[in-house]
Structures are given as C-alpha cells and as structure tokens.
There are 2 protein chains.
Amino acid sequence: MSLPRNTKAKQAVLDEINRSTYALSQPELFERVKGTCDRVTVYRILDRLVAENKIHRIVNVDGTLNYAACNQCDTHNTHAHDHLHFSCLECKKIECLSEQSVHVQLPSHYQIKELFLTISGICPTCQGG
Amino acid sequence: MSLPRNTKAKQAVLDEINRSTYALSQPELFERVKGTCDRVTVYRILDRLVAENKIHRIVNVDGTLNYAACNQCDTHNTHAHDHLHFSCLECKKIECLSEQSVHVQLPSHYQIKELFLTISGICPTCQGG
DNA sequence: TAATTAATGCAACCTAGTTGCGTTTTGCAA
DNA sequence: TTGCAAAACGCAACTAGGTTGCATTAATTA
Ligand SMILES: [Mn+2]
Ligand SMILES: [Mn+2]
Ligand SMILES: [Zn+2]
Ligand SMILES: [Zn+2]
C-alpha cells in the first residue's frame with residue numbers, strides 16, 4: 001500500500017469526526033468542512049481514513065452510512081468492532097456504545113469475520129427528562 | 001389504515017421472496033418479476049408488504065436494503081425481529097439465522113425499540129468443503 | 001530545490017429510491 | 001350483475017448518495 005499523506009482537507013474531516021459525539025454522514029461532513037474541498041474529495045478522504053483504521057464506518061438501520069471516531073480502540077492495529085451502536089429514532093443520531101458486552105450464540109458452519117450490532121430506540125437526550 | 005388489495009404483481013413479488021433462501025433487493029426482485037409490472041410498483045409493493053408484516057426489511061452491512069420472508073414469525077401480529085442475520089462477504093447474500101439466541105447487556109437510560117444484529121463472514125456454501 | 005506520486009477539482013455518470021398525476025383494477029355493495 | 005370508491009398502477013421526471021476518468025495541484029523525501 002502507498003504511504004498516506006496529510007492534507008488540510010483530510011485533517012478538517014478527521015477533526016469534525018473526532019469532535020462529534022455521534023457518527024456523521026458524508027453529506028453532514030461535507031456541510032461542516034464546506035469551502036476546504038470538493039464533495040468528491042470528502043468521499044475519498046473517508047475511504048482512506050477507514051482504510052487507515054482512523055475511523056470506522058457504521059451502517060444505520062435505514063441503510064445510511066455514518067463515520068465515527070475509533071474511541072474504543074486503544075491501538076489502531078487490532079480492530080475488533082464488536083461493540084454496540086445505538087440509533088435514535090427521534091434525532092436520527094447513531095453513536096457507539098462503548099464496553100457493552102454482547103454474547104452471541106455463534107452459528108456453526110459459518111466463518112465469522114465481524115459483528116454488526118445496533119439497537120434502535122430513544123436516546124437519553126430525546127427522552128428529555 | 002386502508003384495506004390492502006391483492007394484485008398479480010404483489011403476489012409475484014411475494015412468491016419470489018418466499019421462494020428464496022436469502023434476502024433479495026429491489027433490483028433483484030424487479031429482475032425476477034420483469035414483465036409483470038413497473039419498477040416503481042416493486043418499490044411500492046415492498047413498502048406495503050413490510051407494512052402488512054408479510055416480509056421484513058434487512059439492512060446489509062454495506063447499506064443495501066434487502067427483503068426476506070418472515071420465517072421465524074409464527075404470527076404476523078407480534079413482530080420482534082431480534083434474530084441474527086448472516087451476511088456473506090463472498091456471495092454477498094444475506095440470510096436470516098433462525099433461533100440464534102442473542103444476549104445483549106442493555107444500556108441504561110436508553111429506551112430500546114428494536115435489535116439489529118448481523119454477522120459478516122463466509123457462508124457454508126462459499127466455504128466449499 | 002527538484003522529482004515522485006498522492007491527493008484534488010471538476011464534469012460526467014450511475015444506482016437506488018421518490019414524487020406527481022392521470023389511468024387502470026380491485027373489492028364491495030347496490 | 002353492474003356501479004362505485006379508492007387502492008394500485010404506469011410513466012416521466014426528479015432527487016440523493018456515491019463513483020469514475022483525467023488533467024492539475026501539492027505533500028513528501030532525497
Ligand atoms: Mn473503532
Ligand atoms: Mn420476521
Ligand atoms: Zn436522540
Ligand atoms: Zn456465500
């Protein structure tokens with residue numbers, strides 16, 4: 001693989017992701033870094049950041065792709081994203097739930113690669129009291 | 001809600017879904033029922049079948065929407081889709097894993113509505129021996 | 001500072017899904 | 001059996017998210 005370079009746009013996108021408490025979509029990110037680069041560039045930056053294990057891609061329950069910081073990953077080498085995600089039906093935000101243990105009765109004859117676990121419902125903020 | 005009607009197209013789509021061993025996308029379904037109706041009609045039929053609890057919608061790990069028969073649902077009234085799904089990285093097919101128990105340490109302060117659980121990996125067929 | 005090539009901008013394209021509206025069918029009732 | 005209301009449909013136009021090709025710009029490293 002070719003060695004990655006650091007650019008203003010790449011840093012701007014990564015900053016926005018790190019700053020956010022929930023996962024952001026490409027349209028949301030493009031809106032936030034508007035002026036620094038083209039929308040196509042945001043797509044390419046996101047692909048690279050995922051490949052570099054700096055962020056991870058979360059599929060929401062409606063199929064939209066979102067990107068979040070790797071908070072629960074101490075090192076970016078080993079990357080087991082078997083943590084839970086929570087998707088709020090009210091504010092539509094999806095976030096990582098760190099350290100939530102999940103026990104899955106693994107199916108036999110299937111070769112497991114990764115787990116995708118998302119709970120939908122209402123987040124604490126939207127319950128408002 | 002208005003009372004649903006039965007049409008040739010609706011029956012054709014439902015038959016394809018029931019016949020399949022894995023979940024099908026709208027493009028796949030349109031291909032299979034080609035000639036019986038317009039592609040827009042397939043979208044509308046799928047929405048209705050989901051609303052009528054005849055099928056359920058599965059979001060694959062890449063964000064694509066797929067539709068599968070409600071095999072594990074004895075009655076179509078109560079509809080708790082907390083079963084596992086398996087998504088094959090090789091053949092790209094996604095299927096329901098019936099009766100696989102999942103134990104999730106529920107997060108406090110969050111109001112749970114539904115569980116979305118998908119395992120990615122290699123299916124028995126694609127392991128080929 | 002110059003060379004290498006990763007990263008970008010831009011235009012064009014693609015796929016999945018939606019919307020509006022006039023027409024056709026379905027199911028039910030007279 | 002026929003008539004009617006509205007569910008379902010076809011078609012065209014549109015939208016959103018994402019991709020691709022290619023010429024140009026800019027980050028690294030020597
Ligand atoms: Mn991570
Ligand atoms: Mn079901
Ligand atoms: Zn919320
Ligand atoms: Zn497979």
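So that the names make sense, note that chain A is the first sequence line, chain B the second, and so on, each numbered from 1. The structure displayed is predicted, hence computed values, not measured ones.
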(message) If you take any heavy atom closer than 4.0 Å to DNA chain C, which residues from residues 4-14 of chain A end up in contact?
(response)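 Heavy-atom contacts with DNA chain C come from Pro4(A), Arg5(A), Thr7(A), Ala9(A).
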(message) Which residues in residues 28-41 of chain B have a heavy atom closer than 4.0 Å to any atom of DNA chain C?
(response)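 Arg39(B), Val40(B) - these, ordered by number, are the residues of the stretch whose heavy atoms sit under 4.0 Å from the strand.
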Report the distance from atom [atom1] of [X] to atom [atom2] of [N], rounded to the nearest whole Å.
| X | N | atom1 | atom2 | value |
| --- | --- | --- | --- | --- |
| Asn60(B) | dA16(C) | CG | C1' | 15 Å |
| Leu3(A) | dT5(C) | CG | P | 10 Å |
| Leu65(A) | dA16(D) | CG | P | 17 Å |
| Ile45(B) | dT25(C) | CD1 | P | 15 Å |
| Asp47(A) | dA6(C) | CG | C1' | 15 Å |
| Asp62(B) | dT19(D) | CG | P | 11 Å |

(request) Under 4.5 Å between side-chain heavy atoms, chaining through other members, with only Ile, Leu, Val, Met, Phe, Trp and Tyr counted: pull out the rest of the cluster around Val40(B), sorted by chain and number. (result)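 None; Val40(B) is a cluster of one.
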(request) Identify whether the distance between the nearest side-chain nitrogen and carboxylate oxygen of Asp15(A) and Arg32(A) falls below 4.0 Å. (result)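 Not counted as a salt bridge, because no side-chain N and carboxylate O are separated by less than 4.0 Å.
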(request) Look at Lys10(A) together with Glu52(A) and state whether they make a salt bridge at an N to O cut-off of under 4.0 Å. (result)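 Looking at Lys10(A) and Glu52(A), the cut-off is met.
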(message) Taking Val33(B)'s backbone N and O only, do any of them form a donor-acceptor pair with Thr36(B)'s side chain (distance below 3.5 Å, no angle check)?
(response)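 Here the side-chain-to-backbone pair exists.
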(request) Spell out, as yes or no, whether a donor-acceptor pair under 3.5 Å connects the side chain of Glu95(A) to the backbone of His85(A). (result)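 Checking the backbone N and O of His85(A) against the side chain of Glu95(A), no donor-acceptor pair under 3.5 Å is found.
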(request) Just do the salt bridge (charged side-chain N to carboxylate O under 4.0 Å, His left out) check on Arg57(A) and Asp62(B) with the steps written out, would you? (result) CA-CA 9 Å; Arg57(A) 174 185 278 125; Asp62(B) 59 357; over 6 Å; no
(message) Any donor-acceptor pair under 3.5 Å linking the side-chain atoms of Asn66(A) with those of Ser25(A)?
(response)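 No donor-acceptor contact under 3.5 Å links the two side chains.
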(message) Does Lys113(A), at its NZ atom, have more than 12 non-hydrogen atoms belonging to other residues, nucleotides or ligands within less than 6.0 Å?
(response)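 No, because the 6.0 Å sphere around NZ of Lys113(A) holds 12 heavy atoms or fewer from other groups.
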(request) Calculate, to the nearest 0.5 Å, the distance between atoms OH and CD belonging to Tyr110(B) and Gln127(A) respectively. (result)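 Reported to 0.5 Å precision, the distance equals 10.0 Å.
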(request) Tell me whether the OP1 or OP2 atom of dC9(D) has a side-chain N or O from Arg48(B) closer than 4.0 Å. (result)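 It does, given that an N or O in the side chain of Arg48(B) lies less than 4.0 Å from OP1 or OP2 of dC9(D).
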(message) For Arg44(A) and Tyr43(B), find the nucleotide of DNA chain C closest to each by heavy atoms; which residue's nucleotide sits nearer the 5' end?
(response)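 With Arg44(A) and Tyr43(B) compared, the 5'-side residue is Arg44(A).
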